[in-house]
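Just so it is clear: chains get the letters A, B, ... in the order the sequence lines come, proteins before strands, and each one is counted from 1.
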Amino acid sequence: MRLFGKEPVRMENSEIARVFFEIADLLELKGGDLFRVRSYRNAGMVADGLPESLKTLYEDGGEDGLKGIPGIGESTRTKIIEMLETGGCAFHRELLTEMPSGMLEILKVSGVGPKKAALIHKELGVKTIDELEKAAAEGRIQELAGFGQVSEEKILRGIKDLKSRTQVFKLSFVTPFALSFVAWLKKVPGIIDIVPAGSYRRWKETVGDLDILTTCSDARAVMDHFVKHPEVREVVSMGETKSTVVLKAGLQVDIRVLEKKAFGAALQYFTGSKAHNVAIRDRAKRMGLKISEYGVFRENGQWVAGEKEEAVYAAVGLPWIPPELREMRGEIEAAEKGALPEPLKRSDIRGDLHVHTKESDGTYTLEQMAEAAMKLGYEYMAVTDHSKAVGIARGLDEARIMAQMQAVDEFNDKLRKQKKKFTVLKSTEVDIRADGTLDHPESVLRKLDLVVASVHSGFSMSMDEMTKRVVKAIRTGLINIIGHPTGRLIGEREPYLIDLAKVMAEAKKYNTALELNSYPDRLDLNDSHCMLAKEKGVLVAISTDSHSIHHLANIEYGIHTARRGWLEKKDVLNTRPLVELMKILKKK
DNA sequence: GCCGTTTTCGGCCCGACTGTTTTCAGTCG
Ligand SMILES: Nc1nc2c(ncn2[C@H]2C[C@H](O)[C@@H](COP(=O)(O)OP(=O)(O)OP(=O)(O)O)O2)c(=O)[nH]1
Ligand SMILES: [Mg+2]
Ligand SMILES: [Mg+2]
Ligand SMILES: [Zn+2]
């Protein structure tokens with residue numbers, strides 16, 4: 001808890017969201033109205049997914065600035081303002097006096113929901129997960145009404161899982177498992193479709209589990225084979241159409257098996273998001289239809305659609321919505337108006353503007369990186385080795401970068417002689433020092449085709465200081481792209497504190513783009529930052545920050561993240577052909 | 001608590017699997 005003061009307390013959207021999620025859980029534990037619980041949960045999700053900072057909206061527009069956000073009504077808006085002004089929420093604190101915070105942890109145990117948790121708390125006085133473990137180990141759980149030996153064992157397993165298991169996984173961690181399961185399931189005779197769905201298909205940067213949709217008329221055969229995958233540690237449940245396993249790596253995998261005729265409806269269902277599904281189903285209902293994973297049906301039960309996903313959307317009067325957009329961030333309204341963004345394609349990307357070579361901390365030469373970029377069909381690639389301040393990466397000093405520029409010129413000459421339509425851009429990833437100055441002299445930076453500038457150290461500054469640091473760098477007028485603008489490493493390092501809205505406002509003035517770093521551990525900017533960039537009219541450069549020829553393919557993660565951020569071809573700097581790109585880079 | 005080409009009140013997505021249930025509640029997707 002922070003103290004009251006003149007200065008408004010900075011509570012991030014994610015922190016406000018967390019309070020709403022906890023209120024929802026606490027109300028549910030208390031046995032409160034489930035629709036009210038849903039409203040708080042929904043408000044949390046809305047706050048979390050909002051591109052603009054609630055604090056900024058409130059500062060700029062007062063209470064009115066917070067109006068018109070779907071899912072945020074009178075009550076939650078008042079609580080948001082309270083949190084922005086005081087750093088906390090009285091209602092939340094009050095609920096916590098009635099229900100210990102340890103109960104929130106207990107809800108995370110697989111198989112324990114609000115009803116069971118509340119009963120355990122009431123009957124046994126259990127307040128923490130350790131007390132729950134003790135009670136279960138002592139056999140006190142199975143004595144309770146509605147519990148038995150099996151459920152008690154399940155709780156013990158659930159606690160062990162929870163303590164050992166990662167909560168979310170990076171998308172790139174899950175990819176090999178997805179490929180492995182697809183290959184594994186192909187061996188089932190008669191299996192037709194095998195498609196990873198869920199948050200994986202929506203390209204969320206982190207996913208909670210892997211969801212796989214299959215169609216086959218022999219469901220039993222699919223299930224039997226599924227649970228025999230060599231990576232399976234535990235079979236959580238196994239039914240006719242749906243099973244769940246946990247892998248040795250801690251990853252949960254859910255599978256659904258349906259008839260081919262339901263493939264489209266099932267894919268729509270299993271892709272989610274949950275909130276998107278609920279909204280689509282609600283819409284169908286209001287149109288006198290019913291949507292489930294089995295299809296679209298009239299009230300009399302007559303089948304309307306289901307074989308194709310597109311037909312499911314068509315049945316409710318909508319065009320097909322790309323999975324990356326199915327997050328309840330306005331996609332249904334946009335679809336209705338025919339205003340969905342045109343999905344960014346791999347072929348829209350003309351080149352990579354952040355690539356390292358052996359000169360700094362890359363593992364391949366300039367020539368090798370260029371060769372690999374050409375193979376991807378690119379027109380250009382910027383060599384962006386580090387500057388001297390990044391010592392561990394053997395950053396280049398003035399003499400070395402001058403030499404590199406010459407090497408690039410010579411290489412480009414060679415390419416031209418070979419009639420290759422490819423250009424290497426002389427560039428750098430210059431360090432933005434703690435004081436906001438750049439780690440190469442202006443004379444050097446002016447000789448380059450393109451300047452990427454990023455923060456590599458001195459992360460622990462106040463938001464104000466960090467914002468000023470980056471803004472000062474932008475104001476040199478020498479920077480074309482701000483690299484990995486928040487510095488986060490998913491699951492390892494929090495983003496440094498920075499006011500991106502302010503940075504973007506300045507970037508717009510100085511014709512500076514912000515990078516979407518496609519390295520799957522970074523994805524920085526993230527999806528909602530992209531939405532903000534688009535809103536502010538700032539171009540995004542989708543780059544890979546490749547340190548090896550193999551990293552260039554990471555562009556795929558960047559493209560899909562950009563799609564999640566509603567970006568189109570025109571919003572992305574490196575969709576421009578070389579000539580156009582050069583014009584933009586010069587406009588300073 | 002939120003929201004409105006049926007509504008400012010009265011709805012709020014729909015279905016699978018499990019365990020302990022004697023007919024279904026709880027949890028999860
Ligand atoms: N209609 C409906 N569909 C749901 C519900 N819960 C989940 N689904 C669908 C949509 C989800 O994307 C899909 C897979 O469920 P998951 O729990 O794995 O969620 P998802 O993959 O979206 O996110 P995750 O990263 O796994 O947490 O199942 C629900 O309550 N209603
Ligand atoms: Mg999932
Ligand atoms: Mg799942
Ligand atoms: Zn880099």
Practice item. Please state the P separation for the pair dC2(B) and dC13(B) - nearest whole angstrom. Key: 16 Å
Practice item. For Glu22(A), check side-chain contact (heavy atoms from CB on, under 4.5 Å) against everything at least two apart and list the hits. Key: Arg18(A), His92(A), Leu104(A)
Review point. Does OP1 or OP2 of dC13(B) have a side-chain N or O of Ser292(A) closer than 4.0 Å?
Key: no
**Study point:** Per-nucleotide protein contact string for nucleotides 23-29 of chain B, where B marks a base within reach and S marks sugar-phosphate only (heavy atoms under 4.0 Å, - for neither)
**Key:** ---SSBB
Review point. Would you say the side-chain atoms of His229(A) and Ser180(A) include a donor-acceptor pair closer than 3.5 Å?
Key: yes
Exercise for review: Determine the interatomic distance between P on dT21(B) and the same-named atom on dG26(B); round to the nearest Å.
Suggested key: 13 Å
Check your understanding: Lys186(A): what forms a side-chain contact (heavy atoms from CB on, under 4.5 Å) with it, not counting sequence neighbours?
Key -> Val182(A), Ile194(A)
Review point. Phe147(A) has an atom CZ; how far is it from atom C1' of dG19(B), in whole Å?
Key: 11 Å
Review point. Given that Lys290(A) and Met238(A) both sit by DNA chain B, which one's nearest nucleotide is further toward the 5' end?
Key: Lys290(A)
Practice item. In whole angstrom, give me the gap between the P atoms of dG11(B) and dA16(B). Key: 26 Å
Practice item. Kindly write out the residues that satisfy salt bridge (charged side-chain N to carboxylate O under 4.0 Å, His left out) with Lys30(A), not counting sequence neighbours, or none if the list is empty. Key: Glu98(A)
**Study point:** Distance between C1' atoms of dG1(B) and dC17(B) (Å, rounded)
**Key:** 31 Å
Exercise for review: Return the set of residues passing ring-ring contact (aromatic ring centres under 6.0 Å, His included) with His529(A) (not counting sequence neighbours), or none when no residue passes.
Suggested key: none
Check your understanding: How far does the P atom of dT18(B) sit from the matching atom of dG4(B), given to the nearest Å?
Key -> 39 Å
Exercise for review: Let me know the distance between CZ of Arg77(A) and C1' of dC3(B), rounded to the nearest Å.
Suggested key: 13 Å
Could you list the donor-acceptor pairs under 3.5 angstrom formed between side-chain atoms of residues 299-312 of chain A and any protein atom two or more places apart in sequence or on another chain?
unit_1, atom_1, unit_2, atom_2, d
Asn300(A), OD1, Gln302(A), N, 2.8
Gln302(A), OE1, Arg298(A), NE, 3.0
Trp303(A), NE1, Ala305(A), O, 3.4
Glu309(A), OE1, Arg201(A), NH2, 3.1
Glu309(A), OE1, Trp320(A), NE1, 2.8
Glu309(A), OE1, Arg326(A), NH2, 3.2
Glu309(A), OE2, Arg201(A), NH1, 2.9
Glu309(A), OE2, Arg326(A), NH1, 2.8
Glu309(A), OE2, Arg326(A), NH2, 3.4

Check your understanding: What are the residues of residues 26-51 of chain A, sorted by number, that bring a heavy atom to within less than 4.0 Å of DNA chain B?
Key -> Asp33(A), Phe35(A), Arg36(A), Arg38(A), Ser39(A), Tyr40(A)
Revision key, fill the gap. In whole angstroms, the gap separating P of dC2(B) from CD1 of Ile23(A) amounts to 11 Å
Exercise for review: Between dC12(B) and dT8(B), how far apart are the C1' atoms? Round to whole Å, please.
Suggested key: 16 Å
Point to revise | Near-ring test Phe226(A)/Phe181(A), centroid separation under 6.0 angstrom | key: yes
Point to revise | Residues from residues 66-76 of chain A lying under 4.0 Å of DNA chain B - heavy atoms | key: Pro70(A), Gly71(A), Ile72(A), Gly73(A), Glu74(A), Ser75(A), Thr76(A)
**Study point:** Sugar-phosphate only, base, or nothing, as touched by Gly146(A) at under 4.0 Å among non-hydrogen atoms
**Key:** sugar-phosphate
Review point. Rounded to whole angstrom units, what separation is found between the CZ atom of Phe21(A) and the P atom of dG1(B)?
Key: 17 Å
Point to revise | Residues that Leu325(A) engages under side-chain contact (heavy atoms from CB on, under 4.5 Å), provided they are two or more places apart | key: Ile321(A), Pro322(A), Glu331(A), Leu340(A), Pro341(A), Trp566(A)
Study note, to complete from the structure: From CG of Leu258(A) across to P of dG15(B) the rounded distance in Å is 12 Å
Practice item. Tell me, please, which residues at least two apart from Asp60(A) pass side-chain contact (heavy atoms from CB on, under 4.5 Å). Key: Thr56(A)
Would you list the atom pairs, donor with acceptor, under 3.5 Å between side chains in residues 167-175 of chain A and any protein atom, with sequence neighbours excluded?
unit_1, atom_1, unit_2, atom_2, d
Lys170(A), NZ, Asp521(A), OD2, 3.2
Thr175(A), OG1, Leu171(A), O, 3.1
Thr175(A), OG1, Tyr557(A), OH, 3.3

Check your understanding: Which whole-number value in Å describes the distance from Ile255(A) CD1 to dA16(B) C1'?
Key -> 14 Å
Check your understanding: Near Lys248(A) NZ, under 6.0 Å, is it more than 12 heavy atoms from other residues, nucleotides or ligands?
Key -> yes
**Study point:** dG15(B) pairs with, by Watson-Crick or G-U criteria that keep both distances under 3.5 Å
**Key:** dC28(B)
Check your understanding: Just wondering, are more than 12 heavy atoms of other shown residues or ligands nearer than 6.0 Å to NZ in Lys122(A)?
Key -> no
**Study point:** Inter-nucleotide C1' distance (dT27(B), dT20(B)), Å rounded
**Key:** 15 Å
Indicate every side-chain donor-acceptor pair of residues 256-263 of chain A with a distance under 3.5 Å to a residue at least two apart or in another chain.
unit_1, atom_1, unit_2, atom_2, d
Arg256(A), NE, Thr241(A), O, 3.4
Arg256(A), NH1, Glu293(A), OE2, 2.9
Arg256(A), NH2, Thr241(A), OG1, 3.2
Arg256(A), NH2, Glu293(A), OE2, 3.3
Lys260(A), NZ, Asp193(A), OD1, 3.3
Lys260(A), NZ, Asp193(A), OD2, 2.9

**Study point:** For atom CE of Met287(A) and atom C1' of dT5(B), their distance in whole Å
**Key:** 11 Å
**Study point:** Candidates dT18(B), dT6(B), dG19(B) - which lies nearest the side chain of Arg286(A)
**Key:** dT6(B)
**Study point:** Nearest-Å distance for atom pair CE/P, residues Met328(A) and dC13(B)
**Key:** 11 Å
